[in-house]
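Below is one structure, written out as structure tokens, with a few remarks after it.
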Amino acid sequence: METVRSFFIAIEGAIGVGKTTLARLLQPRFRARLLLEAFEENPFLSDFYADRTRYAFQTQMFFLLSRYRQQQAVPALLARRPLIADYTFGKDSLFAHLNLEGDELEMYERLYEVLAARVPVPDLVIYLRADTDVLMMRIATRDRAYEREMDRAYIESVRQAYERYFADYTRTPLLTIDTDNLNYVRDAGALAFVEGQVRTALGIGAYQRPLPQVELVGPARTSVAPARTTSVTSGWDAVAEFLAASEAMGRVGAALADGATGRSRGREAELRTALQDAIARLQRLAHAAGVNLQEAQQETQ
């Protein structure tokens, strides 16, 4: 069985980008605990979306104290298992500078500086990017009551604020993922690819050898990404299938190891399922890479 060292991952991005969804999907793959933002506890949130100017200060102060309280639990949670959060404490300041001004912003900043100094820093921040139209579609799909009248201009301002924030971000290692055409909910290969990038960034598990760190813009590859930063977009079919196949073979190895040590009661069924998945993944990898397995087999006979 894989021994996973303790680490702290925080996922960030604009409203509706899929932070909580990715956190939940990665949790079992890293045997991690989850730290999810308790945004629904904020009694001012629905009023804020109806009248941002009037309720901005109350909403922001509640979030600041709520997020700080949650972050105080991080050291105890990390003492047992890895931890994945669907937000960073720094997002609070980002939203405050969008929604507050004057004396309210000055009062907020004084309190934020005191609290931020006492908050644990993640080992890795994952920044999920998406175009505003994609964000609006995802917000509409999840259909939260208080988001039904969401202002597109506000979401665009949030998206731009995140772009500015992470443009020169150096506080922690950063993994940037373009999610416009990345469906890690329905595509196991896409999720395996994201997992592989996270493992590479952390230097753990089956994907310790780094993939080329390049910026993918549409179909063309451009410049090498800065150190400690990885950028991912959608031109990754063969690589994604390779990572998915590697993961499937890892499950085969785990089933064999469990059987060898007598720890698995359903070893045969687990091994059969793992092998079937591994074979299917290898076939998909061959197709994505343009390799005809039948012809290759005939050549070796």
Side-chain angles (χ1 to χ4, degrees), residues 4 6-46 48-49 59-96 112 115-116 118-130 135 138-148 150 155 158-159 161-162 165-166 171-177 179 182-186 190-191 194-195 197-199 201-202:
V4 181
S6 186
F7 53 81
F8 178 22
I9 297 173
I11 303 174
E12 264 301 354
I15 299 167
V17 77
K19 300 181 291 293
T20 304
T21 298
L22 182 59
R24 292 187 184 280
L25 290 171
L26 291 178
Q27 177 196 15
R29 291 171 174 252
F30 291 99
R31 302 189 184 102
R33 290 177 176 268
L34 283 181
L35 181 66
L36 302 181
E37 186 175 13
F39 58 88
E40 293 181 343
E41 293 180 2
N42 193 325
F44 304 105
L45 191 57
S46 59
F48 167 75
Y49 283 130
T59 303
Q60 201 63 56
M61 293 302 292
F62 187 96
F63 271 136
L64 175 62
L65 297 176
S66 173
R67 289 163 178 158
Y68 176 74
R69 175 180 55 82
Q70 277 194 309
Q71 292 290 315
Q72 297 312 291
V74 168
L77 294 172
L78 277 174
R80 300 180 181 179
R81 291 161 61 184
L83 180 66
I84 301 176
D86 65 349
Y87 73 100
T88 64
F89 191 73
K91 78 175 294 182
D92 205 277
S93 178
L94 183 151
F95 276 89
Y112 175 83
L115 299 182
R118 306 175 182 178
V119 169
V121 177
D123 296 295
L124 175 68
V125 171
I126 303 172
Y127 170 39
L128 303 180
R129 304 172 69 182
L135 294 173
R138 292 175 183 172
I139 290 170
T141 299
R142 69 188 185 187
D143 194 30
R144 293 172 180 167
Y146 54 83
E147 292 179 344
R148 288 172 184 166
M150 186 70 71
I155 296 302
V158 171
R159 187 193 67 78
Y162 269 106
Y165 180 75
F166 284 113
R171 184 169 174 78
T172 69
L174 177 67
L175 173 64
T176 299
I177 300 178
T179 69
L182 190 69
N183 192 338
Y184 43 70
V185 176
R186 296 183 179 180
L191 180 58
V194 173
E195 179 191 356
Q197 292 296 308
V198 174
R199 289 182 179 274
L202 291 170

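Just so it is clear, the structure is predicted and the values come from calculations on it, not from any experiment. This chain uses plain numbering: 1 for the first residue, then up along the sequence.
Ile9 contributes atom CD1, which lies 5.0 Å from atom CZ of Phe30 (distance to the nearest 0.5 angstrom). Here OH of Tyr165 is found 11.0 Å from NZ of Lys91. Values are rounded to the nearest 0.5 Å. Separating the CD1 atom in Ile155 from the CE atom in Met150 is a distance of 4.5 Å, to the nearest 0.5 Å. Between atom CG of residue Leu124 and atom CG of residue Leu202 there is a gap of 5.0 Å, rounded to the nearest 0.5 Å. Here OG of Ser66 is found 9.0 Å from CG of Asp92. Values are rounded to the nearest 0.5 Å. Note that CZ of Arg81 is 6.5 Å distant from CD of Gln27, once rounded to the nearest 0.5 Å.
Residues meeting the salt bridge (Lys or Arg N to Asp or Glu O under 4.0 Å) test with Arg33, sequence neighbours left out: none. Remark: Phe166 engages Tyr127, Tyr169 in a ring-ring contact (aromatic ring centres under 6.0 Å, His included) (not counting sequence neighbours). In this structure Gln71 satisfies the side-chain contact (heavy atoms from CB on, under 4.5 Å) test together with Phe8, Leu35, Val74, Tyr87, Phe89, Val119, Pro120, sequence neighbours excluded. Among residues two or more places apart in sequence or in another chain, the side-chain contact (heavy atoms from CB on, under 4.5 Å) test is passed with Ala140 by none. Scored by the salt bridge (Lys or Arg N to Asp or Glu O under 4.0 Å) test, Arg138 finds no partners at all (sequence neighbours excluded). Here Arg148 pairs with Asp143 under the salt bridge (Lys or Arg N to Asp or Glu O under 4.0 Å) rule; sequence neighbours left out. The side-chain contact (heavy atoms from CB on, under 4.5 Å) test applied to Arg118 returns Tyr68, Val114, not counting sequence neighbours. In this structure Glu40 satisfies the salt bridge (Lys or Arg N to Asp or Glu O under 4.0 Å) test with no other residue, sequence neighbours excluded. Applying the side chain to side chain donor-acceptor pair (under 3.5 Å) criterion to Thr59, with sequence neighbours excluded, gives no partner residue. Checked against side chain to side chain donor-acceptor pair (under 3.5 Å), Glu12 has the following partners two or more places apart in sequence or in another chain: Thr88, Tyr162.
Among the candidates Val198, Ile126, Ile11, Leu25, the single residue satisfying the side chain to side chain contact (heavy atoms under 4.5 Å, CB included) test with Ile84 is Ile11. When each of Leu34, Leu77, Asp123 is tested with Leu83 by the rule side chain to side chain contact (heavy atoms under 4.5 Å, CB included), just one qualifies, namely Leu77.
Contact annotation: the side chain of Phe44 never approaches that of Gln60 to less than 4.5 Å [non-hydrogen atoms, C-beta and beyond]. Inter-residue side-chain proximity for Phe39 and Arg144 is flagged as met; some heavy-atom pair is nearer than 4.5 Å.
Between Leu36 and Gln70, the shortest heavy-atom contact is O-NE2, 2.8 Å. Residues Ala190 and Tyr184 approach most closely at CB-CA, 4.0 Å, considering heavy atoms. Annotation for Leu26 and Leu191: closest pair CD2-CD1, 4.2 Å, computed over non-hydrogen atoms.
In terms of modelled atom types and a separation under 3.5 Å, the side chain of Thr179 and the main chain of Leu128 share no donor-acceptor contact.
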Expected list for residues 17-24: side-chain donor-acceptor pairs under 3.5 angstrom, two or more places apart:
unit_1, atom_1, unit_2, atom_2, d
Lys19, NZ, Gly13, O, 3.1
Lys19, NZ, Ala14, O, 3.1
Thr20, OG1, Asp86, OD2, 2.6

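Applying the salt bridge (Lys or Arg N to Asp or Glu O under 4.0 Å) test to pairs two or more places apart or on separate chains, those with a residue in residues 68-80 are Glu41-Arg69.
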